[in-house]
Amino acid sequence: MPSTVQLETCSTSSWMSKPQSTSLDLSRRPRRNRKSPAIRALLQETRLHPSNFVAPLFVLDGKSIKQPIKSMPGINRLSIDLLLKEVEALLKLGIRAVDLFPVIPVEKKDPSGSVALQEDNLIVRAVNALKTEFPELCVMVDIALDPFTDHGHDGVIDENGYVINDATVEILAKMSVLAAYAGADVVAPSDMMDGRISYIRSSLDHAGFIDVSILAYAAKYASAFYGPFREALSSSPKIGDKKKLPAQPRKYP
């Protein structure tokens with residue numbers, strides 16, 4: 001048995017811990033690692049902090065425009081000038097990353113989402129404004145065609161309404177390079193096209209943007225949870241649905 005150390009009692013030892021009586025012979029007591037805030041903070045592996053958050057921001061053209069999103073109480077579509085004020089407030093809270101989603105007017109949408117590739121489009125101007133005002137900010141850009149297409153699908157479609165994979169991937173890669181030119185730190189493809197990550201990576205590297213990161217859905221499921229985002233962007237499909245792109249929650253071959 002281990003020997004017991006006898007300590008003399010003195011008036012200055014009131015801070016000392018009192019030994020506990022034990023009835024179990026345990027060498028491992030994990031609770032000792034959780035006994036105080038200081039020890040818990042020292043040993044924690046996962047820490048949820050404002051710097052871990054990414055704020056989704058919905059940007060639209062114009063000036064001093066703030067449009068409430070009914071399905072997201074407290075969240076608004078913002079023009080670029082108000083977007084800058086919103087980001088300033090986020091930074092004060094310790095949130096240092098944002099993900100931009102464009103709100104495109106109906107009259108600017110077309111079957112191929114051509115506005116997505118315009119060199120002075122809304123996203124390009126928004127990214128440039130944010131990085132100019134807040135160079136320390138991590139700016140992510142959602143890469144998908146549904147905000148830009150008049151049919152609301154995430155890519156170009158054929159006469160039957162089927163999304164054409166490879167042609168869409170080429171457009172997504174061009175969108176990614178354009179976002180990188182504007183100053184985006186991260187491109188975030190949310191389309192679920194086959195092969196788009198490797199193609200986007202190759203396109204970014206070929207254009208010289210080797211430090212621009214890709215944040216992509218590894219698995220995106222068909223879900224009603226995307227409804228609020230589609231309302232925010234007016235990007236709900238006008239033809240059919242989007243179940244042929246994302247994975248299905250149920251198991252299937």
Side-chain angles (χ1 to χ4, degrees), residues 49-61 78 80 83-84 86-88 90-91 94-104 112-149 153-156 163-220 226 229 232-233 235 245-246:
H49 187 268
S51 62
N52 298 125
F53 291 109
V54 178
L57 297 176
F58 305 93
V59 59
L60 43 67
D61 262 318
L78 301 171
I80 293 176
L83 191 73
L84 295 175
E86 179 74 8
V87 168
E88 183 178 13
L90 291 171
L91 287 171
I95 299 173
R96 300 183 291 179
V98 300
D99 193 4
L100 297 182
F101 296 83
V103 181
I104 307 300
S112 64
S114 60
V115 171
L117 298 182
Q118 291 181 359
E119 294 183 358
D120 63 342
N121 68 25
L122 176 60
I123 282 294
V124 170
R125 288 182 277 114
V127 172
N128 188 264
L130 287 172
K131 294 300 287 187
T132 299
E133 189 73 18
F134 309 106
E136 73 278 17
L137 181 71
C138 174
V139 177
M140 304 180 183
V141 173
D142 181 68
I143 300 295
L145 274 174
D146 54 328
F148 301 93
T149 57
H153 282 285
D154 292 69
V156 292
V163 177
I164 305 171
N165 191 91
D166 295 10
T168 298
V169 169
E170 292 181 7
I171 297 174
L172 297 174
K174 292 177 182 179
M175 291 173 64
S176 298
V177 172
L178 186 60
Y181 269 113
D185 300 287
V186 181
V187 293
S190 60
D191 56 284
M192 289 301 289
M193 298 295 153
D194 294 338
R196 89 267 202 223
I197 301 303
S198 60
Y199 196 85
I200 289 173
R201 180 74 271 162
S202 177
S203 298
L204 288 170
D205 291 350
H206 184 73
F209 295 108
I210 58 175
D211 290 331
V212 172
S213 303
I214 299 175
L215 174 65
Y217 289 88
K220 181 178 181 180
Y226 293 108
F229 272 76
L233 303 175
S235 62
L245 293 178

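What you see is a predicted model, and the numbers here were worked out from it, not measured in a lab.
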Worksheet item: Just wondering, more than 12 heavy atoms not from Lys131 lying within 6.0 Å of its NZ?
Response: yes
Item to complete: Measure the CD1-CG distance between Ile197 and Asp191 for me, rounded to the nearest 0.5 Å.
Response: 7.5 Å
Worksheet item: With sequence neighbours left out, what residues match Asp194 under salt bridge (Lys or Arg N to Asp or Glu O under 4.0 Å)?
Response: none
Discussion item. Once rounded to the nearest 0.5 Å, what's the spacing between atom CG of Leu172 and atom CG of Leu117?
Written reply: 9.5 Å
Worksheet item: ring pair (Phe, Tyr, Trp, His ring centres under 6.0 Å) with Tyr199: which residues, sequence neighbours excluded?
Response: none
Fill in: Glu133: side chain to side chain contact (heavy atoms under 4.5 Å, CB included) partners, not counting sequence neighbours
Leu84
Worksheet item: Partners of Tyr181 by ring pair (Phe, Tyr, Trp, His ring centres under 6.0 Å), sequence neighbours excluded?
Response: Phe209
Discussion item. As an exercise, state the distance from CG of Asp142 to CD1 of Ile123, rounded to the nearest 0.5 Å.
Written reply: 8.0 Å
Worksheet item: Mind checking what makes side chain to side chain donor-acceptor pair (under 3.5 Å) contact with Asp99, not counting sequence neighbours?
Response: none
Item to complete: Decide side-chain contact (heavy atoms from CB on, under 4.5 Å) for His206 and Val177; before the verdict, give the C-alpha distance in whole Å, the side-chain angles of both, and the deciding distance to 0.1 Å.
Response: CA-CA 10 Å; His206 184 73; Val177 172; over 6 Å; no
Item to complete: Kindly write out the residues that satisfy side chain to side chain donor-acceptor pair (under 3.5 Å) with Ser114, not counting sequence neighbours, or none if the list is empty.
Response: Asp110
Worksheet entry | Glu136 atom CD, neighbour heavy-atom count above 12 within 6.0 Å | yes
